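Reading through the structure tokens given below for one structure.
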Amino acid sequence: MCGIVGAVTSRQAQAILLAGLHRLEYRGYDSAGMAIVGENGIERRRTVGNVQELDDALMAAPLAGVTGIAHTRWATHGVPAVSNAHPHVAGDGRIALVHNGIIENYERLREELKQGGCRFESDTDSEVIAHLLDECLRRNPEMELRDAVREAARRLEGAFALAVISANDPSRIVAMRVGSPLVVGLGIGENFVASDVPALRPVTDRFLILEEGDLVELTAAGITVWDFQDETAVRTTLRITTDTGDADRGNYRHYMHKEIHEQPQTVRDALEGRVGRARVLEPAFGVNASAVLDGTRAVTIAACGTSYYTGCVARYWIEELAGIPCNVEIASEFRYRKFVVPDGSLFVTISQSGETADTLAALRIAQETGFEHSLTLCNVPVSSLVRESELAFMLHAGTEVAVASTKATTAQFVALMLLTILLARRAGLTAEREAELVAALRQLPEVVAQALALEPRIRALAEQFMDCHHALFLGRGLQYPVALEGALKLKEISYIHAEGYPAGELKHGPLALVDDDMPVVAVAPGNELVEKVRANLEEVRSRSGRLYVFADADSGIVEGEGVTVVEVPRVHELLAPIVYTIPLQLLAYHTAVLKGTDADRPRNLAKSVTVE
Ligand code: AGP
């Protein structure tokens, strides 16, 4: 997705900005650009394709100057094209701006600006901001650039991080964040701004993480931050010495453990720039997302393993909230069966790697057999699924090293809920209901952190699983796929045979397995199905089964002889699968550690399954 780098220094800025852009390539993008303010005012170069193209263009025609901004763009409004690439300029080239995020009300602003005589060069929402700034400065030529940014920002709805330079003052960059990340890098006699820490690691290890609504002015000599109320603010400086934060296990014994604990942040990252105050921002799904979703009458999801299970949760969401049929397919089955394509079908693939052979084959078959549109929810921008799908939504979970998927899984859930809301909006989801779901999504990182705090309890429980040969996982409704995923995690890394079942199926077979040797794990939030689940759990208890129940305080399920209850934090009912997945990840992890299996690299499995 889009990336920002800015530098105000006393050496040539071009090399710093280019190095930063190269380090942002992992986020995925389709064009790149740079603007530097030098002796002749602002000059810029923009190219479509790899940052290397920009590198070559700059090699042929370098930009001289010590203050500049640069950007990698992932198209949301307007196709990938030089004219749509950032930086955007306004005021006869006296202002240049880079922007991450989505401006929801850009069409209205664009019309107003056009009526005022403004001419647009691009199809982007971002260019609107450049012209708003220019309008402020024309009205009041004495106005400071930072005041113009503040004033323009008041008119913007949506999520944004931006950095601006002006030919009138080559000694500063003004930047601001609302709903999209932005960090300041502190140098000696130079300062930097970027959307992401890794972009600036070659030039500094001292960072200042801006808060929501912060506006910052950077000069080579110093930085000043103003908060949302326009009061000067002090932000803590952090020393970050790791390089990417991803490829490093830090103090964790296993990547899987680290990745489980990263989930409050990765859930936040999956949401960042994709939700406004009370709405999901539609272009987050790509340039043509609106048109594609307008025509969507049915959804088919294809995926493998854990990604398939997240898709299974989405079926409940989509059919309940959007009221359209949602079919979820195991990709390796789908590719070899005859199927009927419902009219107006959107084909959705889910994959952390983007290279899973069966999922890729399913996509290709779908494209040949009449599915009108395709969307992938994927964690790797430079992957086959992203390349070959019409629309792509990047999960932003960061590199997932452990074979067992954890943080990519919860990011997939977030992506699927955002997709559900967009489809549901077309089916009459009210603004109030959407605002309620967005508020619950915004609280999710905090609830995920609370779920992680259950770790000591779960570590102790793992001792009761380590010597088991089998385990059953039960859930109903939205929690049924969570039970499937819990069982997969346990078998995958601890080699304990585990099966997930809908709790109502117990008496149709698996109950025969239950005895005092068989741990039965149940996921049972206090929702409308909880009474049914309790009845199922009684069936286990009366056969001396050992029950381990993950439930919230509303479930009414209490500990007793043979029943262990782990109290999971309350969360919006529809988001419960995301939160209940976390303790099951921890259970699998600690069981594997106690058994001494390799939690990161389980036998016989690969991170990216590129063969059939
Ligand atoms: C998850 O823990 C597993 N390693 C596996 O089931 C995985 O989800 C599956 O192979 C699909 O991978 P993908 O998400 O990269 O397509």
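In this chain, numbering begins with 1 at the start of the sequence shown. Counting convention: from 1, in listed order, for ligands and their atoms alike. Quantities reported herein were computed from a predicted structural model and do not represent experimental measurements.
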With nothing but distance in play, are any N or O atoms of [X] less than 3.5 Å from an N or O of ligand 1?
X	value
Gln412	no
Thr359	no
Val403	yes

Checklist entry - By side-chain contact (heavy atoms from CB on, under 4.5 Å), which residues pair with Ile365, not counting sequence neighbours? => result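 Arg335, Phe339, Thr369.
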
Checklist entry - Relative to Tyr255, does Arg249 satisfy both conditions: NZ or CZ under 6.0 angstrom from the six-membered ring centre, and within 45 degrees of the ring's axis? => result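 The answer is yes; both the distance and angle limits are met.
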
Checklist entry - Checking Arg274 against Phe393: charged group under 6.0 Å from the ring centre and within 45 degrees of the axis? => result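 Yes, Arg274 and Phe393 form such a contact.
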
Checklist entry - At a 4.0 Å cut-off, with the gap strictly under it, does some heavy atom of Lys489 reach an atom of ligand 1? => result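 Under 4.0 Å: yes for Lys489.
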
Next on the checklist: Within the 4.5 Å heavy-atom criterion, are Phe473 and Glu485 side-chain neighbours or not?
Outcome noted: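 Result no, sub-4.5 Å side-chain heavy-atom pair not found.
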
For [atom], what's the nearest protein heavy atom and its distance?
atom	result
atom 12 (O) of ligand 1	Thr356 OG1, 3.5 Å
atom 10 (O) of ligand 1	Val609 CG2, 3.9 Å
atom 15 (O) of ligand 1	Ser353 OG, 2.7 Å
atom 3 (C) of ligand 1	Glu492 OE2, 2.9 Å

Checklist entry - In terms of atom number and element, which parts of ligand 1 are under 4.0 angstrom from non-hydrogen atoms of Ser307? => result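 Taking each heavy atom of Ser307 in turn, ligand 1 has 8 (O), 13 (P), 14 (O) under 4.0 Å.
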
Checklist entry - Which is it for Thr306 and ligand 1 at heavy atoms under 4.0 Å: side chain, backbone, both or neither? => result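 Within the 4.0 Å criterion, Thr306 contacts ligand 1 through backbone and side-chain atoms alike.
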
Next on the checklist: For the CG atom of Leu418 and the CG atom of Leu441, what is their distance to the nearest 0.5 Å?
Outcome noted: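 Between atom CG of Leu418 and atom CG of Leu441 there are 6.0 Å.
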
Checklist entry - What distance do Ser307 atom OG and Gln352 atom CD have between them, rounded to the nearest 0.5 Å? => result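 Going from the OG atom of Ser307 to the CD atom of Gln352 covers 6.5 Å.
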
Item to check | Nearest-option assignment for atom 6 (O) of ligand 1, heavy atoms, candidates Ala404, Ser405, Gly305, Cys304 | outcome: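 Looking at heavy atoms only, the winner is Gly305.
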
Item to check | Partner residues of Glu455 under the salt bridge (charged side-chain N to carboxylate O under 4.0 Å, His left out) criterion, sequence neighbours left out | outcome: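 Result, salt bridge (charged side-chain N to carboxylate O under 4.0 Å, His left out) vs Glu455: none returned.
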
Checklist entry - For the side chain of Asp196 and the backbone of Pro198, is there at least one donor-acceptor N/O pair under 3.5 Å apart? => result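 Flag not set: sc Asp196 to bb Pro198 has no pair under 3.5 Å.
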
